[in-house]
Structures are given as structure tokens and as C-alpha cells.
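Heads up: the structure comes next, in C-alpha cells.
Order of the sequence lines fixes the chain letters, A, B, ..., with proteins taken first and strands second; residue numbering starts at 1 for each chain.
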There are 2 protein chains.
Amino acid sequence: MVATKLKTRKEQIFEIATQLFKERGFSATSMRDLAKQVGLEPASLYSHFKSKEEILSKICFGIADQFYIAIQPINQKQLPANEKLRQALEAHIDVIINNADAAAVFLHDWKFLNESNLEEFLSLRKNYESIFIELIRQGIKEGIFRDVNEKFLMMNIFSAMNWVYEWYSPAGSMSAEEIANNLTNFILNGIIKL
Amino acid sequence: MVATKLKTRKEQIFEIATQLFKERGFSATSMRDLAKQVGLEPASLYSHFKSKEEILSKICFGIADQFYIAIQPINQKQLPANEKLRQALEAHIDVIINNADAAAVFLHDWKFLNESNLEEFLSLRKNYESIFIELIRQGIKEGIFRDVNEKFLMMNIFSAMNWVYEWYSPAGSMSAEEIANNLTNFILNGIIKL
DNA sequence: CCTACCGATCGGTAGG
DNA sequence: CCTACCGATCGGTAGG
């Protein structure tokens, strides 16, 4: 077990907000709901966050950052495309599993970001996806992957990965490692040329 | 092209509600938004639907019905498990593609159903999923599928299918048939024993 | 971090 | 299908 870290009030609010947004959705969660769960008066939340949307944006960009941090060292390695993709998939799944609530919010509620945050978010996402598209393209060129539209394959891959938070449970019968490993196999088998 | 069907006002409201729920989410869509898009006063909506939740439940159970109607004849055939599963996957994907908006609402907003509807919904879903689990179990027994936890495989399969509505577009470069066919291959390759 | 409060908007109803 | 309206709740601010 990891040593329990003392949490600031701000961190407490952030964590509980993440849970509530995941469970009920961003727009169905009120600042009053959140305040009640934290044990504060609603107005007190605004000493820590300037708006409900600010909490959402911290969640979304926090996950985006983690995805980037996880993939960069992998992408710089000298490896065949399928091995690189395997590592990239495992890294992506790890981020989701280790931040299940935040990942769910990232995936479903980004559309409630305000205009400028939304723009940045979509740009980051497109950039991240293009890393995977490039890996797929290389794999096809090397004759390892099936020759299917690479954007289609990229979407398939993310589809398969992005629901992990729905059914991963620390108490479940499969460990995080097993899940990452099995799911990566599932995906790679799906695109490898037979 | 199919002959354009004359739509009742009720059908118009239903269709526009489905679009709005898909775009903005159920709880972020107000009856006033809906009325405006339809071209009515908000109160007039209540001549056609007794509540906002009733519209949601019609969307969710409508899609549930279609999934059941599509799978029943397939499930009764005498076929090897992998062929049966192939047909089941294609049928499921067809329903999603042909009802992209409603399918998105079904997948994301079912949690806003009221208590008794929610109970029925979850029961139907569990039942439907168990058909797939049984097919997978048979495939494993016949030695066709990889011997992995069948619930895990079922979740993988639905994960891979249930985002189709996100990126399927009638104007896109792949037809509905191509998508259903390719995605089914992707999934089957993922679970077939190599 | 709280009390007190704002204007806006919500789902829905009465009555025609 | 509309006018008129209800009580409840929303995100957020002023001021301490």
C-alpha cells in the first residue's frame, strides 16, 4: 500500500467532483450536490475553484497530460511498429485504469468545456490520435498490419480501450495488469495480418 | 431513396429530442430547447409526452427492442459459434448505424431513466449480454475462441461496437456495410484462437 | 469558509 | 396548441 497522502481541501473537492461527474454526469451534478458531499456550504467552493467549468477543465486536461507523458518516451524508441503500438496501448490503458473516474469524465463530458478550452482540448486529442495513426501507417507499410483505412483502425482501437473504466474494478477478478495485457492482445490480434 | 414518410408532430418531437439528447446530453437539454427547435411553445410538448423522461424511455426501449428483434432469429439458427457470433455482431452494428443518434442516447443517458424504467432497462441489457456470453462460451468450448474470461471478452466486444455511432457518418468514406464487415473482422480476429 | 442573496432557468400544470 | 404561471433549483457574487 502507498502511504496515505494528506489531502488539501482543494484536492478533496477535486476528487469528489470527479466521482460525482463520473456517476451523474457533469451537467446533472450541481455545485450544491458537490458542496454537500464535501461538507461545505455551496459558496465556499468558490474559494477553491472559480467556476464549475474550471473543475471540469482541470479533470480533462489532467488526463490529457497523463496520456502525453505516458506515450512520449515510447514514441521516441527505435522499435518495430507493432511493438511500439503494443507499448502505447498498454500505457494508454494504464492511465485509464489508474484514473478510472477522471478518464470517464474526460471521455464523456469534454463537450461541456467552454469555448477556448474546448478548442485546445480538441487540438490535443487530434494530436494524440495522430501519433497512433502514424504507428498504424508504419505497421501497414511494414506489412505487419492489415491494410485497412488507418483512421478506421485508430477509431477501433480507441473504442476498444476507452470503455475500460466502465468495467474495471479494483475488486474484480482480473488485475489491472491482466486487463491491460489481455486487452492489448485483443486489439493487436484484431489488426495484425493473419 | 425511400419514399419520404409523413411525420406526425409527435414523431417530429421525438426525432428532434433524440438529436438534441445525443448532441448535448439528456440533462443538459431543456424542454424549452426542444420546443424551440420543434417550433412550439414549451407547454405544448406536454400534449404529446407526459414528461421529459418519457421521451428518454421511449428512445432507450426502442433501441433495446431493435437489438432483440435483430438477434433472435440469428440465435435460433443451427450454426457454429463463430458464425453465429459473426452474424450477431453484424446485426448489432447495423442497429447502431441505422439509429446513430438514438443509439448514442441509449448508451449514455439510460442512467437518467426513472427508478422502475431503470430496473427494467438493466434487466433487458443483462439478458441481451448473456446471449453473447453464451455464444462466447460455446466458442471457447469448441476450441475456436481463445480461452479468456468470457465476461471480459463480452465487454471487449461491446466496447468495440458501441462507439460506432461516434464516427459513422453517412457521408464518410466507408459505407455502413463496409464498417459492419470490417469491425466484425476486427473483433473476431481479436478473440479467435490463432 | 459562512450568511445572505441575485437573476436566470428548470420541469411541469391550470385552464382554455 | 397557447397564455400564464408555479415552486424548485441553478451557477455564482457581495461582503465579511
For this session: Taking Watson-Crick and G-U wobble pairs with both distances under 3.5 Å, convert DNA chain D into its dot-bracket string, 5' to 3', dots for unpaired and | for cross-strand pairs.
Result: ||||||||||||||||
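Atom-to-atom, CZ of B:F112 to P of C:dC10 comes out at 15 Å; the value is rounded to the nearest Å. Whole-Å rounding puts the B:E54 CD to C:dG12 P distance at 10 Å. Here the C1' atom of nucleotide C:dG11 and the CG atom of B:L34 are 12 Å apart, to the nearest Å.
Between A:S44 and the phosphate of C:dC2, there is a side-chain N or O to OP1/OP2 separation shorter than 4.0 Å.
Taking the side chain of A:S51 as heavy atoms from C-beta on, and the options D:dC2, D:dC1, D:dG12, the nearest nucleotide is D:dG12. Among the nucleotides D:dC1, D:dC2, C:dC2, the one closest to the side chain of B:S47 is D:dC1. Comparing D:dC1, C:dC1, D:dG11 by their nearest atom to the side chain of A:Y46 picks out D:dG11.
The distance between the ring centers of A:F21 and A:H108 does not fall below 6.0 angstrom. Taking the ring centroids of B:F106 and B:F61, they lie at or beyond the 6.0 Å cut-off.
Toward the 5′ end of DNA chain D lies the nearest nucleotide of B:A43, the other residue of the pair B:A43 and A:P42 mapping further downstream.
Contact annotation for A:S30: backbone-only contact, meaning every heavy-atom pair under 4.0 Å involves sugar-phosphate atoms and none involves a base. Within the 4.0 angstrom heavy-atom criterion, no nucleotide atom of any strand lies near B:S27. Heavy atoms of B:R32 sit under 4.0 angstrom from at least one base atom.
Of the residues listed (A:D33, A:D109, A:D101), the one engaging A:R24 in a salt bridge (charged side-chain N to carboxylate O under 4.0 Å, His left out) is A:D33, and it is the only one.
Heavy atoms from other residues, nucleotides or ligands lying under 6.0 Å from NZ of A:K77 number more than 12.
Atom CG of B:L89 sits about 4.0 Å away from atom CG of B:L85, to the nearest 0.5 Å.
The closest donor-acceptor contact from the side chain of B:S159 to the backbone of B:M155 lies under 3.5 Å.
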